[in-house]
Structures are given as structure tokens and as C-alpha cells.
Colleague: 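Below is one structure. I have some questions about it.
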Amino acid sequence: MSAWLKIKDLCVKVADKPILNDLSLSINAGEVHVIMGPNGCGKSTLSNVLCGNQNYEVTGGFIDFKDKNLLEMNVEERACAGIFLAFQHPVEIPGVSMATFMKYALNARRKAQGKQELDAVSFIKRIKVRAQALGISDEMLKRPVNVGFSGGEKKRLEIFQMAVLEPDFCILDEMDSGLDVDAVKVAGNGVKIMRSEQRSFLVISHNIRFLKEQIQPDKIHVMVHGRIVAQGGMELLDEIDKNGFSAFLKEAVA
Amino acid sequence: MIKTLSKQRLLTIDSGQSVVFFEKQLAPKTQITIAKNAHVKHYRLHEMTDHSLFVRLEDNASYELITLHRGDGNLTLYFDLSGKNAFCQSNIVYVLSENKNTLIHCDVHHNADDTVSRQFVKGAVCANAKAVFQGGIFIPYNKKGIDGMQQHRALLLGKNACAQAVPQLEIYADDVKCAHGSAIGFLDQEQMFYLQSRGLDEEQARTLLTTAFLNEILDDIEDDEVREELKSLALEEVCHGN
């Protein structure tokens with residue numbers, strides 16, 4: 001089976017500083033992969049590049065998603081192709097309610113798929129069912145996007161957006177950071193419910209317990225200095241838990 | 001009482017009355033006198049021609065204005081807070097497309113003690129349009145307990161769009177609280193990225209953010225029909241400008 005997401009020799013610069021160096025990674029349909037690595041190794045850069053953030057300059061390599069050249073698509077085309085990033089720090093959008101935002105987003109994706117726009121009743125039903133499952137009240141849906149919400153609520157709203165839009169490829173950038181124990185469970189459950197043969201995940205996290213108990217990934221990648229230096233299964237989590245990243249750092253330098 | 005002459009509309013709100021009205025077809029000049037203890041909410045749409053509005057407030061009178069300006073002419077506003085305890089709130093939304101050019105000139109005169117004025121102006125300037133906002137607050141010598149506030153915000157949406165703010169505060173009294181501010185800028189790129197990363201195209205994202213910016217004022221219109229009409233007219237002008 002050919003991989004859904006193929007990243008080959010990717011090089012990325014931010015403000016003329018190289019961040020990713022010859023990074024290669026493949027993820028198959030239905031798989032959940034995790035990227036771990038010390039702070040500043042380029043994990044968030046990778047998630048931004050996958051979404052098409054123009055502040056990141058791709059200087060080499062390619063990214064294919066479902067056999068299409070992702071780098072040739074703009075931000076919204078990638079979203080409509082099924083790429084979704086749950087942001088580490090979601091931005092506030094005053095004056096736009098979450099419900100309105102989701103209506104635009106959902107219909108944009110449906111239009112790209114050649115489907116009709118959802119009518120009002122089906123739309124409300126779709127968002128209400130998902131909101132309820134994630135403990136999001138009607139009032140939260142009416143409020144402006146991310147304005148005045150706590151860190152945990154913002155993350156929960158990111159999961160909610162993911163559940164509404166049902167993307168094919170979900171990138172979760174430190175979704176569990178800053179969450180209390182219960183909120184981590186809600187986030188983890190969100191991922192569990194959404195796992196399917198037709199949906200892949202790339203999870204960035206430092207939280208080993210969260211990864212082990214909630215995510216249960218198929219594969220772990222260790223990233224150091226903008227490059228994947230080790231790959232493995234769950235056993236890699238235990239190793240990192242015990243020894244940290246020092247062994248990988250040495251390897252990367254050598 | 002309303003009297004409309006060929007070029008002027010004269011309104012007198014008698015003491016103690018409460019009035020809400022929506023003015024769409026503007027005469028070149030409107031003059032309103034609000035008598036003691038009377039309260040007025042005034043919604044209006046300004047399009048095309050030059051227009052001036054004069055409002056005089058007597059003791060304890062209040063006046064709350066929300067206006068949508070999308071005209072190619074100038075708008076002059078003059079508020080005379082001549083009665084003690086008078087309150088005047090004048091909120092303006094302007095949206096300019098194409099080559100429209102406007103000068104919004106507003107003077108607030110605190111001519112009596114304990115008068116309060118609030119002004120919030122928000123504009124979106126598209127394409128090659130140009131807007132100048134001149135806002136003045138005048139507080140004469142010896143007046144007490146004055147509280148004035150003026151804020152202006154503008155979004156530049158076109159390559160050649162231009163907005164200018166010229167605030168003018170003339171304060172000759174001591175017992176005064178007065179604040180003003182202005183900010184002119186572009187759409188937030190992080191917000192644009194967030195919306196586009198969920199599938200909205202650039203134009204949708206721009207329109208959504210711009211109308212959200214303007215609706216902060218228009219959403220305060222209590223009458224549903226008037227609010228929705230002015231919001232859709234603002235949206236129409238934003239889309240036209242995009």
C-alpha cells in the first residue's frame with residue numbers, strides 16, 4: 001500500500017534560519033503517528049508547513065498527500081483536501097461565532113467534494129451531536145471563536161472542529177499541553193472516537209502517559225535538529241521516559 | 001414633531017418622550033432638538049451625498065446614534081450637549097468601496113456640567129477609497145464633571161486604500177475625564193491563516209473578519225429588522241470592495 005502522506009528530504013527555513021533538514025516521513029491511511037523531540041527541534045514548524053503557512057519557506061524536498069503535491073496547494077485547498085491542524089495556540093476571532101465559522105468551513109469542504117451545502121437543520125444537528133459528546137454548551141458555540149475561553153476550553157474547541165469537519169489527516173500540535181487530567185481524557189477520547197481506517201493522525205506531544213494511555217500510536221518518530229533520528233513502536237516511549245532525548249541528541253551530533 | 005423642508009429636516013423631541021427612529025432617505029441637513037428628559041435612539045443610513053446632522057440636547061436628555069456611512073460624500077456631525085447631565089453616544093460605521101472619498105467631521109461640544117459623550121467609529125476602506133475622520137471634543141472653561149471618549153479604528157483592505165484620523169481635543173476646564181484613540185491597520189494575518197486552514201478561501205476569510213469588525217457596532221442596534229438591513233448593506237459594500 002502506498003503511503004497517504006509522503007514527506008521526502010524536506011528542508012524548511014524560517015526567517016532565513018534552517019529549521020527542517022532533509023526530513024523524511026511516511027504515514028499510511030488509518031495510522032496514528034507520534035513525533036517527539038526536544039523543544040525547538042522543528043515539530044511545530046512541520047505542522048505549520050503541512051498546513052501551508054506562508055511564514056515558512058520550503059527550500060527543498062516534497063510532500064505528497066494522496067498522490068497530490070501538497071506544496072502546490074494553498075492553505076484552503078489543503079484544508080479542503082482533508083488536512084486539519086489542531087493548533088497549539090488557537091487565535092481569537094472576535095465577532096465570529098463558532099457556529100458561523102463551522103458553517104463556512106464545513107460548506108467549503110463539501111463544495112470541494114462536490115457535495116451540496118448542508119441545510120440549516122442538518123447543520124445544527126451535526127454540530128450539536130458533536131458538541132454534546134465533547135461537553136461543549138450551546139452558549140460556547142454562540143460565543144466568538146476562542147474569545148475569553150480558557151486554554152483547556154480552546155483545545156476542546158479544536159477537537160470539536162476536528163469532529164465537525166471530519167478531516168482525513170489530523171495534526172495535533174501539543175493538544176494535551178496545559179490541560180487538566182479530565183480534559184486530557186476528553187481530548188484523548190475525541191481522538192479514539194475519530195480513529196478510522198480512512199483517517200490518519202500525526203500527534204505532537206511531550207506527554208508520555210497521554211500517548212500511552214489515550215493515543216496508543218502505531219509508530220513513534222524522534223525528531224532532533226529538524227530531522228527524524230529514530231523510529232519505533234511503543235517501546236521507544238519507555239526509552240524516552242527513562243533516558244530523555246540525550247542519546248538521540250548525541251546521535252544527531254555524531 | 002418632524003418638519004421636512006426641501007433641504008432640511010427639523011425634529012423636536014418633546015420633554016419626557018422616548019423615541020426610536022430609523023432614517024434612510026436623508027435630507028441634506030437634519031437638525032434635532034431633544035428636550036429635557038427625552039431619550040432618542042437614532043439609526044441611520046448615509047449614502048451618496050453630503051450630509052450634516054446637528055443635535056442639541058437639553059438637561060438629562062440622551063441621544064444614541066448608530067449610523068452606517070457608505071457614501072461618496074462628506075458627513076458632518078455636530079453635537080451640542082447644552083443641558084446638564086446630557087448623554088450623547090454617536091457610533092459610526094463607514095465602508096467605502098471603489099474610488100469613494102469621504103470626510104467624516106464630528107464635533108462634540110460639552111456646553112453644560114456633568115455631560116457625557118461616547119463615540120466609537122469603525123471603518124473599512126477598500127480598493128482605492130479614501131477616508132478622513134476628524135473628531136473633535138470641546139470642553140469650555142469652567143465646566144465640571146465632563147466625561148468624553150472618542151475611539152476610531154479603520155481597516156485598510158485595498159492596495160491603494162487610505163485612512164486618516166485627525167483627533168482634536170480642546171479642553172479648557174479642569175474637572176474633566178477625556179480619552180481618545182485611533183488605530184489604522186490591516187487584517188490580522190494569523191486570523192486569516194486560521195480561517196483558511198479550516199477551508200475558507202481568502203475572500204470569505206476577509207469578508208468574515210471585516211464584517212465581524214464592523215458588526216461590533218451594528219450589533220448594538222436593538223431593532224432586528226433595522227440591524228439586519230444595515231448589516232447586510234455593510235456586507236454588500238465590503239463584498240463589492242473585495
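Values below: every heavy atom of this structure, side chains too, minus hydrogens, waters and symmetry copies. In this text, all values refer to a predicted model and were calculated from it rather than measured experimentally.
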Colleague: Is any residue of residues 216-226 of chain B within less than 4.5 Å of chain A by heavy atoms, and which ones?
Modeller: none

Colleague: Given that the side chain runs from C-beta out, which part of B:N215 has a heavy atom under 4.5 Å from chain A: side chain, backbone, both or neither?
Modeller: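 Neither part.
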
Colleague: Does the pair B:Y194 and A:V145 meet the rule for a side-chain contact (heavy atoms from CB on, under 4.5 Å), with working shown?
Modeller: CA-CA 11 Å; B:Y194 190 75; A:V145 176; 4.0 Å; yes

Colleague: Sequence neighbours excluded, which residues qualify as side chain to side chain contact (heavy atoms under 4.5 Å, CB included) partners of A:R130?
Modeller: A:R126, A:F160, A:A163, A:V164, A:E166

Colleague: Output the option from A:N53, A:V96, A:L85 having the highest count of non-hydrogen pairs under 4.5 Å with chain B.
Modeller: A:N53

Colleague: Locate the shortest heavy-atom distance separating A:A86 from B:R198; write the atom from each residue and the value.
Modeller: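 Smallest interatomic distance, heavy atoms only, reads CA-NH2, 4.4 Å.
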
Colleague: Pick one of side chain, backbone, both or neither for A:P167, based on which atoms fall under 4.5 Å of a heavy atom in chain B.
Modeller: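 A:P167 has no heavy atom closer than 4.5 Å to chain B.
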
Colleague: Would you indicate whether B:E190, at its atom CD, is surrounded by more than 12 heavy atoms from other residues, nucleotides or ligands within a distance under 6.0 Å?
Modeller: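 No, not enclosed.
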
Colleague: Checking heavy atoms, do the side chain of B:L214, its backbone, both or neither come under 4.5 Å from chain A?
Modeller: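 Neither part.
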
Colleague: Distance from A:L50 atom CG to B:S197 atom OG, nearest 0.5 Å?
Modeller: 12.5 Å

Colleague: Does a sphere of radius 6.0 Å around NZ in B:K100 hold more than 12 heavy atoms from other residues, nucleotides or ligands, not counting ones at 6.0 Å or beyond?
Modeller: yes

Colleague: With a 4.5 angstrom heavy-atom cut-off, is it the side chain or the backbone of A:E92 that approaches chain B, or both, or neither?
Modeller: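 A:E92 touches chain B through backbone heavy atoms alone.
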
Colleague: Which atom names give the shortest non-hydrogen contact between A:P94 and B:A212, and what distance separates them?
Modeller: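 So the minimum-distance heavy-atom pair works out to O-CB, 3.5 Å.
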
Colleague: Contact part of A:L165 toward chain B, heavy-atom cut-off under 4.5 Å: side chain, backbone, both or neither?
Modeller: side chain

Colleague: For chain A, which of B:L200, B:L209, B:T211, B:D188 has the most heavy-atom pairs under 4.5 Å?
Modeller: B:L200

Colleague: For a quick test of reading the model, state the closest non-hydrogen atom pair linking A:A79 to B:G199 and the distance between them.
Modeller: CB-N, 3.3 Å

Colleague: Kindly give the heavy-atom pair with the smallest separation between A:C51 and B:F193, and that separation in Å.
Modeller: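 Of all heavy-atom pairs spanning A:C51 and B:F193, the closest is CB-CZ, 3.9 Å.
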
